[in-house]
Structure formats: C-alpha cells, structure tokens
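Notes to accompany the following structure.
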Amino acid sequence: MIAFQLDAQGIATLTWDMPGRSQNVINGESCAALFAAIDHAVKDEAVKGILMTSVKPDFVAGGDLEWLLAANGATELFERTLALHRSLRQLETCGKPVAMALPGMTLGGGLEIALAGHYRVAADNPKARFGLPEVTLGLLPGGGGTQRLPRLIGVQNALPLLTEGKKLKAAEALKLGILHAVVPAGTEVQAAREWLLAQNAPVQQPWDIKGYKIPGGGINSPGVQQVFMAGNAMLRAKTFGNYPAPANILSCVYEGLITDIDTGLKTEARYFTNTVLTPEAKNMIRTLFFSMGEANKLAARPKDVAVQKYSKVGILGAGMMGAGIAYVTAKAGITAVLLDTSLEAAGRGKEYSRKLLEKQVQRGQLTQEKADALLARIVPTTEFAKLDGAEMVIEAVFEDRGIKADVTRKSEAVIAPNAIFASNTSTLPITGLAEASARPANFIGLHFFSPVDKMPLVEVIIGTRTSQETLARSLDLIKALGMTPIVVNDARGFYTSRVFSTYVLEGLAMLKEGVAPALIENAGLMAGMPVGPLALTDEVSSELIYKIDRQTRADLGLSYQPRPGHEVASTMVEMGRIGKKAGKGFYEYPEGGKKHLWRGLKEAFPSAAEQPDVQQLIERLIAVQAVETVRCMEEGVLTTARDADVGAILGWGFPPFRGGPLSHIDTIGVPQFAAQCDTLAKRYGERFAAPALLKSMADKGEPFYRS
C-alpha cells in the first residue's frame, strides 16, 4: 500500500502503490497505511529526511468518493477528516525535512498531501495536472487545501483554484509557487533526495515560522477584503446561491485565515463535513463522477462483440455539425472524409478545423506540426467513391427524409457490407430513416451536439432493427473520439431533443399567460439553467420549433398533443422574428452591442397586472423537464436513470446541482414529486400529469436510484 524504505543516508522513502487500482486514492485502507508510515518516519531516530512518491504514473488522484459517501453521518466524517489533518500536521511539524516527488497527476487530496511537504518536485510530464478540483463535484478540499494553499501562494492566487477547480500544468504550478522545481521525467525522486540531503537544520512550513505573513496580504488587508467582496458578489451572480460548495470555500478560507493553521484546519473540517452531506454534493457526485464514469467506460456496450478499431470515417454534410464531427474525428487520429455537394462547401467545412487549430497554436496549446497533421486527416470531397474503406459513415445533412434517404443509398453502394451508417438527426425517428437502407441492422442514430468540439455528449439511438453488434461498434467510435455516450431507444425527438423542448416551450407558455419576459428569463437562470427559455428559443430559432411542430402534427394526426408554447413560436415566425440567426427574435441583437429583450414583446404578449412568484416559475420550468423524463422511462425510450441524468446535464445544461431530472425527483422524494405534478396539472394542464410509472413508484416508495 505505502512501502517504507530507509537507506544508509537516513532517507525514509514512503512509496504509494495501492494494489488492484490504476491510481492511488485516499480511503480507509490508504489512510491507515499513510498514518502508520508517517508515524514510523517521524518517530524513528534513524530517519533524517522523508521522501514521499508513487510507483504508479500519477501521485495520488484524490479521495475515494465511495468511501467518502459511506461515512455513517456527520460525526464519523468529521473525525475522519480531523485524523487526516492530525497526521499531515505531524508530518510537517516533525522537524525533519519532507520532500514530495510527484511523477504525474496530483489532484485533490493528492495535492493536499503534497502541500504538507516542505519541498515539492514534479516530473516534466505533459499529462500531469495540479489542482484542487473538488468544487466541480460539489465538494470543498478536506485535506487542508483551503488552509495551506492560500497561506502558500496568497488568497488572490488561491481562490480561483479553489472555487473554480482549475487544473494547472507543471510549469504553471511552478510559477505560482505550488511547486519548487520541475525536472525531467524519471529524475524527480533523485532531485527530491538531493534536496533532503542538503538540509542541515530543522525544516518548517512558512506558516509555522514566527512572524509569518500571508503573501499578498492577510484577511484584514484592504486588497484581500476587496477580493472577498468581489468574489461573493460574482459567485452570487453566477450561481444564484444554488451551489453550497463555492460559497462554503469562501467562508472556510476567510474564517480559517483569521486564525492559526490548526484552528483553520478544524474550520475546514466543519465546512467539509457540512458540504459533503448536502443533497447538491450527493447529486453531483452521483451523476458527474459515478454515472459519467460508467457511461465513459461503455457500461451499455454489448459484451460479446469484438472492439472495433477505426481508421476512416465518412461525414456527409460539411455544415457546422458535419465540420465539427470531422474535427473530433481527425483529432482522434482517424481519417475524416468530409463530403458535400461542392468542393467549396466541403472546403469551408475543413476551414472550420483550421480556424480552431490556429487559435490553439497561437495559445501554445498545440504545435504547428501536430495541427498540420490533424488537418491532413480531413479530406474534403464531392465523390461518394472516396467513402470506400470507411468503417462508418455519419450523415449530417438537412432534416429532410428525402435527402437523408438519397445519401444513405449512395453511401451504401460504396462502403463495405459490414460498415455502419449513422444518422445525426436530432428529431426524425431512426427506424423510419432506416427504411432507405439495404442493411437496417447496420443503421443507427448518433446525435452529436453543437458545437461538437465543445459538447462531449453523443446520444446513441437504437432503431427497431439495429443490431447489438452495430451498437457495440458505434460505442467504440464514441470512446475513440473521447466523448460520452448515452443509449436510448427510438422515438420522435428521442430523449434529449424531446425533453429540452419542454423547457423552451414552457417559457413560451408563460409568455402567452402574461408573465413578464424578464421574469421568465430570470426564473430560468435562478432555476440553474445556463440560459433563459426565451434566449434559448432564439438560439435554436422559433422557425425550427414551428417546423418541427408542423411535421409532428402531420405525422401523428389525431394523436398529436399540442403545447401552448407552439402558438407563441408560430406568432414569432409570422412576425419575421425567428431568432438570433435573423438578428431579431425575443431579443434584439444590435451589431457591436449587447443583446436585450425586444421592447415590442409587451405589445405582442401583454404582461398581466399581477405577476407570479418567481419560485412558482422555477418549479414549473424544472418539473416540466423532470416529468417528461419520467415519460421517456415509462415508454422505454430510456432504460437507465444514469443515461437520463448524464444526458440532461451534458446535452442541454440541466442544472448539475440537481444531478439530472431523475436525481432531482429522488431528492424531492418520488411521492412528493408526484403530488407536485398533480397540483401543476390542475393549474396548467395535462403536460404536468404524473405518468403511471411515477404513481406506481410513489405508491411503493421506490426511488429511481436504488443505492
């Protein structure tokens, strides 16, 4: 676990190597081993210096979240945290020099352990990152990070790392003073030993030396006071108080740095315990760590299919979506044949990648040689014959069944019999599109999100005749692209487009009811959504909403169920205010200026004299998404809560602190949410009615997550 080796020169080397794991983590077993190793090294008079490192490529990845969440209440969690603090304080105050040799990734609890050393030397490893990213999972550092880091590099430098979870390269960590040295990979242990052997006097941490002052000023200095005032204001404006962790971090740093380090560590332990036990932290850990980890490991992949290796992928359509797919394909080292109706159009698609790469080269994120190699893998063409040899073809053409059918037939005439044909459609049922295919078992839906280079999700849609082999091989491509898949069954709008539409349509329904536009937008933001419903409608365009509704109405006939928001979208189309792409929608988009709500909205959709409470609007905007997600579960469009929640957060920005629609329901309680749906349905319509699945689960007391 942690090997102890004492050499002839009195250097005790403590080497992390947790068995059965690819990474070292902090849990009950490793803490026991760490505490014992530290105690041994500190008390053994033969030990003159202590060196800590790792056999594995990385140092310590951080805390074991399963162990963290398994704590039996606040008291146990608080005591665990204090035990780690006591051991690290024993290490840094023992009078013996302590050096940390860091071979690779040093994040979270790993960096907190490293900060307890007097000297930190890292390998010059391009993959290594250093930071305290706990806030991204709804947590705060609990191993001393909120106290040691600001005392080491100053409050102003530390707060962005703590409240935003930024990860630094070795050179950046060195510049900030988190590291003392960066050396060629493989020499970090020797560099640490040389430093230890050079120490001839007792060593102390800066904060344990009499007269120590925090770099950049203490808590009561005017500059630092301004940092906290601005930080609290910015945090409130950005999060609307929905995320306890960053607010608790600010409080923890402020209160802890007024006192000595030992009192500050107790303050951290209290805030850490409080934060871990919040529903927001539990939701974020479940979805953003465990569920997303399962999705990225291809938990939904059929097990008995050989892994598909990709060397060539065809992309049909060089618009923004096709161009983005070509970029991520080439970035993964796969040749991307980008086909369009003209070489000029195909060339514009390749130009999209060129512009992305130019920015990366300018920022020093990529060498020109690597950028050129990536671009060379994108082959613009108008010839279907160049698709020969592609293991998969992805069509990203207009949402028109006729066009999609035509390119399907032309592609299948060229590609191998076992090659996969995937449609990037966002709304059209895959089973219907597969009717144009001579090999429907090889036909699947791969719904990418725009912009593809920034949006990591791919919604995989299984048609009624899609084979399990096609599903498995398609998931292999998504993993090769470094993206996150969710798997859904075929239906109109699938999952993400279907539930996403309920958010924007509910905002439009509110507008029709006479709710003030600014109140609608603020309710969306306060609910935790990244953009208000009206602004989001402008982004996707009222025209698109209108066209999809018209097509749905024609396809479903008497079974069509309208939503009140569709009427508003239709009205906006009639007025020519179709959205951002036209420069006018619910918002005005002045050239060179900031967008603002269209003043004509008050005439087109007069506001009622009495406005609802904003909390009522927040409840509606979240509940309408959650209840539609339950319908998707009931209809078999979704088969796992994992895919529902991961897809919601990554696909359309459902509030992470809620954990996803189904985590949100579990947090409220299934019976309580079912009752909420009944109340909303009576007031606003059947779109809020509790599905039979929800009622059954409420009666049985069953949650969506069983553990």
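Numbers here simply count residues along the sequence, with the first being 1.
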- Between T502 and E628, do the side chains contain an N or O donor and an N or O acceptor separated by less than 3.5 Å? no
- Item | Closest non-hydrogen atom pair, S426 against E399 | N-OE2, 3.4 Å
- Task: Working to the nearest 0.5 Å, report the span between CZ of R377 and OH of Y327.
- Result: 10.5 Å
- If you measure from CG on D340 to CD1 on I315, what distance do you get to the nearest 0.5 Å? 12.0 Å
- Task: Go through the steps to decide whether Y495 and D643 satisfy the test side chain to side chain donor-acceptor pair (under 3.5 Å), and finish with yes or no.
- Result: CA-CA 10 Å; Y495 166 54; D643 283 352; over 6 Å; no
- Task: For atom OH of Y560, decide whether the heavy atoms of other residues, nucleotides or ligands shown that lie under 6.0 angstrom number more than 12.
- Result: yes
- Task: Check for a donor-acceptor pair, side chain of N242 on one end and backbone N or O of M526 on the other, with a separation under 3.5 Å.
- Result: yes
- Query: Given the rule in the side chain to side chain donor-acceptor pair (under 3.5 Å) test, do E395 and T408 qualify, once you have shown the distances and angles that lead to the verdict?
  - Reply: CA-CA 8 Å; E395 68 86 354; T408 300; over 6 Å; no
- Task: Look only at the side chain of E634 and the backbone of L693, and say whether a donor-acceptor pair between them is shorter than 3.5 Å.
- Result: yes
- Message: Let me confirm one number: the CD1-OG1 distance from I430 to T425, rounded to the nearest 0.5 Å.
- Response: 6.0 Å
- Verify the distance criterion only: is there a donor paired with an acceptor across the side chains of S663 and D645 at less than 3.5 Å? yes
- Query: Parallel under 30°, tilted from 30 to 60°, perpendicular over 60°: which one fits the rings of F654 and H664?
  - Reply: perpendicular
- Query: Which heavy-atom pair separates A690 from K695 by the least distance, and what is that distance?
  - Reply: O-CE, 3.4 Å
- Look only at the side chain of R687 and the backbone of Y684, and say whether a donor-acceptor pair between them is shorter than 3.5 Å. yes
- Report the relative orientation of the aromatic rings in Y243 and F657; use parallel for angles under 30°, tilted for 30 to 60°, perpendicular for over 60°. perpendicular
